[in-house]
Enquirer: 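Handing you a structure now.
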Amino acid sequence: MGVVPDTRIGKIEFYEAHVAPWTANAAAIGLDAADVANLATLTSDARDAYNAAEAARLAARAATLAFYDAVRAMHSGAGAGQDMIDTIRNHARVKNDSNVYVLAQIPAPATPGVTPPPGTPFDLRIGLLQTGALELKWKCNNPAGTQGTIYEVRRQIGGAGGGAGFTFIGASGSRGFTDDTLPTGSAPIVYQITAVRSTARGNPAQFIVNFGTAGPGITVTDVTGREVKMAA
């Protein structure tokens, strides 16, 4: 560790503390009295410069805060800019006159867009759990920026789809569902999955699931004919 502190203010304070004893004992400690006097002047100048810098920083901070307050008062103050813009828009709405915006040279409010309904599920994957339940996972491309989509799952046993005979078996807030109410020996199965967001409904997707015995263990075959091998 050095004798003199690393910080600028630390250096100033160090020399301020040592100038007096060095002046009084210059000859005894091997220093030239004139050099010590010059150091005293340099130390005083450094202190003055530090004080001026601190004053400038405080003034700059005060000026910045004053600037922020002035902009805030101009835009958000009572009866100021934003309130005037709101008044102009309200006047245009009451008069049903779009020319108000032209005269005020501000844009008219954007017409709210219609958000498309949720997407259609696809690429169903089936997994067989040790409990005998079927784990369903799928993909679904929903409109960008939308939230709150849930998926209604309906099931038809022993049929080929077509929209009739489906029973609602549950809903999921994610792209997955576990069917743990499937009766033993059910084949084939048709799952109908529909994405729903508030009152908007996507097109339902139907997936046919068959159980086969193509080799050891249990094989689940989906509507595309792809066989997914499960542990027995």
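Count residues from 1 along the sequence.
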Enquirer: If the condition is side chain to side chain donor-acceptor pair (under 3.5 Å), which residues does E135 pass it with, not counting sequence neighbours?
Expert: none

Enquirer: Please report the closest heavy-atom contact between A195 and P118, naming both atoms and the distance.
Expert: CB-CB, 3.5 Å

Enquirer: Enumerate, atom names and distances included, each donor-acceptor pair closer than 3.5 Å involving a side-chain atom of residues 21-34, sequence neighbours excluded.
Expert:
unit_1 : atom_1 : unit_2 : atom_2 : d
T23    : OG1    : V19    : O      : 2.7
N25    : ND2    : P21    : O      : 2.9
D32    : OD1    : A34    : N      : 2.8
D32    : OD1    : D35    : N      : 3.3

Enquirer: Do T178 and L136 have side chains that approach each other closer than 4.5 Å (heavy atoms only, starting at C-beta)?
Expert: no

Enquirer: Does any N or O in the side chain of S76 come within less than 3.5 Å of the main-chain N or O of A73, such that one atom is a donor and the other an acceptor?
Expert: no

Enquirer: Please identify each residue that fulfils side chain to side chain donor-acceptor pair (under 3.5 Å) with N96, with sequence neighbours left out.
Expert: none

Enquirer: Per the salt bridge (charged side-chain N to carboxylate O under 4.0 Å, His left out) rule, what does the pair list look like for residues 191-208, sequence neighbours excluded?
Expert: E152-R201

Enquirer: Applying ring-ring contact (aromatic ring centres under 6.0 Å, His included), which residue pairs with at least one partner in residues 123-153 are found, sequence neighbours left out?
Expert: W138-Y151

Enquirer: Do T131 and D180 touch side chain to side chain, with heavy atoms closer than 4.5 Å?
Expert: no

Enquirer: Looking only at heavy atoms, which two atoms of P143 and P117 are closest? And how far apart?
Expert: CG-O, 3.3 Å

Enquirer: Looking at N99, I want to see if its CG is surrounded by more than 12 non-hydrogen atoms of other residues, nucleotides or ligands under 6.0 Å.
Expert: yes

Enquirer: Check residues 54-61 and write down every donor-acceptor pair under 3.5 Å in which the side-chain atom is one partner and the other belongs to a residue at least two apart or another chain.
Expert:
unit_1 : atom_1 : unit_2 : atom_2 : d
E54    : OE2    : R57    : NE     : 2.9
E54    : OE2    : R57    : NH2    : 2.0

Enquirer: Could you list the residues that satisfy side chain to side chain donor-acceptor pair (under 3.5 Å) with D69, not counting sequence neighbours?
Expert: R72

Enquirer: With H75, which residues qualify under ring pair (Phe, Tyr, Trp, His ring centres under 6.0 Å), at least two apart?
Expert: none

Enquirer: In the hydrophobic cluster built from side-chain contacts under 4.5 Å, what are the other members alongside V196?
Expert: I150

Enquirer: Give the other cluster members for Y50, using side-chain heavy-atom distances under 4.5 Å between Ile, Leu, Val, Met, Phe, Trp and Tyr residues; answer none if it is isolated.
Expert: I9, I12

Enquirer: Contact between K11 and E16 at the side-chain level, heavy atoms closer than 4.5 Å - yes or no?
Expert: no

Enquirer: Spell out, as yes or no, whether a donor-acceptor pair under 3.5 Å connects the side chain of D179 to the backbone of L134.
Expert: no

Enquirer: If you apply the rule side-chain contact (heavy atoms from CB on, under 4.5 Å), what do you find for V3 with F14, and how did you get there?
Expert: CA-CA 9 Å; V3 174; F14 175 86; 3.7 Å; yes

Enquirer: Any side-chain heavy atom of T120 sitting closer than 4.5 Å to one from I193?
Expert: no

Enquirer: Only pairs under 3.5 Å count here: list side-chain donor-acceptor contacts from residues 167-176, not counting sequence neighbours, and write none if there are none.
Expert:
unit_1 : atom_1 : unit_2 : atom_2 : d
S172   : OG     : S174   : N      : 3.1
S172   : OG     : S174   : O      : 3.0
S172   : OG     : S174   : OG     : 3.3
S172   : OG     : G176   : O      : 2.6
R175   : NE     : C140   : O      : 3.2
R175   : NH2    : C140   : O      : 3.1

Enquirer: Please step through side-chain contact (heavy atoms from CB on, under 4.5 Å) for the pair I189 and F207, ending with a clear verdict.
Expert: CA-CA 8 Å; I189 306 166; F207 305 93; over 6 Å; no

Enquirer: Show your reasoning for whether salt bridge (Lys or Arg N to Asp or Glu O under 4.0 Å) applies to R47 and D45.
Expert: CA-CA 5 Å; R47 170 60 72 176; D45 291 344; over 6 Å; no

Enquirer: Between H91 and D97, is there a side-chain heavy-atom distance shorter than 4.5 Å?
Expert: no

Enquirer: Would you check if F177 and K137 make a side-chain contact, meaning some heavy-atom pair closer than 4.5 Å?
Expert: no

Enquirer: Please determine whether side-chain contact (heavy atoms from CB on, under 4.5 Å) holds for the pair I208 and Y191, giving the CA-CA distance in whole Å, both sets of side-chain angles, and the decisive distance to 0.1 Å.
Expert: CA-CA 7 Å; I208 301 174; Y191 286 104; over 6 Å; no

Enquirer: With sequence neighbours left out, what residues match R93 under side chain to side chain donor-acceptor pair (under 3.5 Å)?
Expert: N90

